[in-house]
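To start, the structure itself, in structure tokens.
Numbered from 1 within each chain, the chains take letters A, B, ... in sequence-line order.
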Amino acid sequence: DTAVSQTPKYLVTQMGNDKSIKCEQNLGHDTMYWYKQDSKKFLKIMFSYNNKELIINETVPNRFSPKSPDKAHLNLHINSLELGDSAVYFCASSQDIRARVEKLFFGSGTQLSVL
Amino acid sequence: DAKTTQPPSMDCAEGRAANLPCNHSTISGNEYVYWYRQIHSQGPQYIIHGLKNNETNEMASLIITEDRKSSTLILPHATLRDTAVYYCIVRGWGSDTDKLIFGTGTRLQVFP
């Protein structure tokens, strides 16, 4: 069983479209994240949710809207896609962001290409 | 911004030990040192963490200097599958906003 799974693996779409990426973790963790890795391979945190509550929002454009229906799922919806949104998006989870030691488990990534 | 400094790239012969350095001169008392790696086209993978003592697990060893301003990740017998980007990260705890901030890492190339 994959611990952190995200779908789709590849997403190719036109500018202006709206798309969603789904993430699920079966580790029983309380905290989930979205990270973005751009073409220069910089890995940046976007959002963090703890028990369905938004904890971290790293000044991401409001075209990006995370949604956490329950603590095992954190989906990312992107409106009005732009060329600069092309990147690999990684979902991750951890036991609890407030823990003394926090190990993140990452999904395999979703490669988004905006044409 | 990342609080660590790592060399951009290193090479290592297969079967030899790979020693990856990291400087974290501004580390504070409650911050742990974490190492992750990212193999091409995969998500980052946790390797090891430490506070002030040396640590060892099935993947690697972590040596932290006494002043905690630097550390070294040791892969004792590197294999081709260890070729990856290795990230050294410092992170505090106790706050909702503590988070892992990834820097540019060290690209380790293991060659036959």
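Criterion: ILVMFWY side-chain heavy atoms under 4.5 Å apart, direct or through other members. Under it, A:Trp34 and A:Phe90 are not part of a common hydrophobic cluster. At a threshold of 4.5 Å between side-chain heavy atoms, the hydrophobic network of Ile, Leu, Val, Met, Phe, Trp and Tyr places B:Ile64 and B:Met59 in one connected group. In terms of hydrophobic clustering, with Ile, Leu, Val, Met, Phe, Trp and Tyr side chains grouped at heavy-atom distances under 4.5 Å, A:Phe105 and B:Tyr32 are assigned to different clusters.
Under the 4.5 Å side-chain criterion, counting only non-hydrogen atoms from C-beta, B:Tyr34 is not in contact with A:Leu104. A heavy-atom distance below 4.5 Å is found between the side chains of A:Val101 and B:His49.
Applying the 6.0 Å contact sphere to NZ of A:Lys71 captures more than 12 heavy atoms from other residues, nucleotides or ligands. No more than 12 heavy atoms of other residues, nucleotides or ligands sit less than 6.0 Å from atom CZ of B:Arg16. When the shell of 6.0 Å around CZ of B:Arg68 is examined, it contains more than 12 heavy atoms from other residues, nucleotides or ligands. Atom OH of A:Tyr10 sits in a sparse spot, with 12 or fewer heavy atoms from other residues, nucleotides or ligands closer than 6.0 Å.
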Next item on the list: Output, in order, the C-alpha distance, side-chain angles, deciding distance and verdict of ring-ring contact (aromatic ring centres under 6.0 Å, His included) for B:Phe102 and A:Tyr35.
Entry: CA-CA 10 Å; B:Phe102 287 78; A:Tyr35 278 80; 5.7 Å; yes
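The part of A:Ile45 that comes within reach of chain B is its side chain, from C-beta onward, which places non-hydrogen atoms under 4.5 angstrom from that chain. Using a 4.5 Å cut-off between heavy atoms, A:Glu58 contacts chain B through its side chain alone, with no backbone atom that close.
The line from CD of B:Gln42 to CZ of A:Phe106 is 13.0 Å long, rounded to the nearest 0.5 Å. Here the straight-line distance linking atom CD of B:Gln45 with atom NZ of A:Lys103 works out to 12.0 Å at 0.5 Å rounding. Here the CG atom belonging to A:Leu43 is positioned 8.0 Å from the CD1 atom belonging to B:Ile89, to the nearest 0.5 angstrom.
Shown here for A:Gln37 and B:Tyr87, the closest heavy-atom pair between the two residues is NE2-OH, 3.8 Å.
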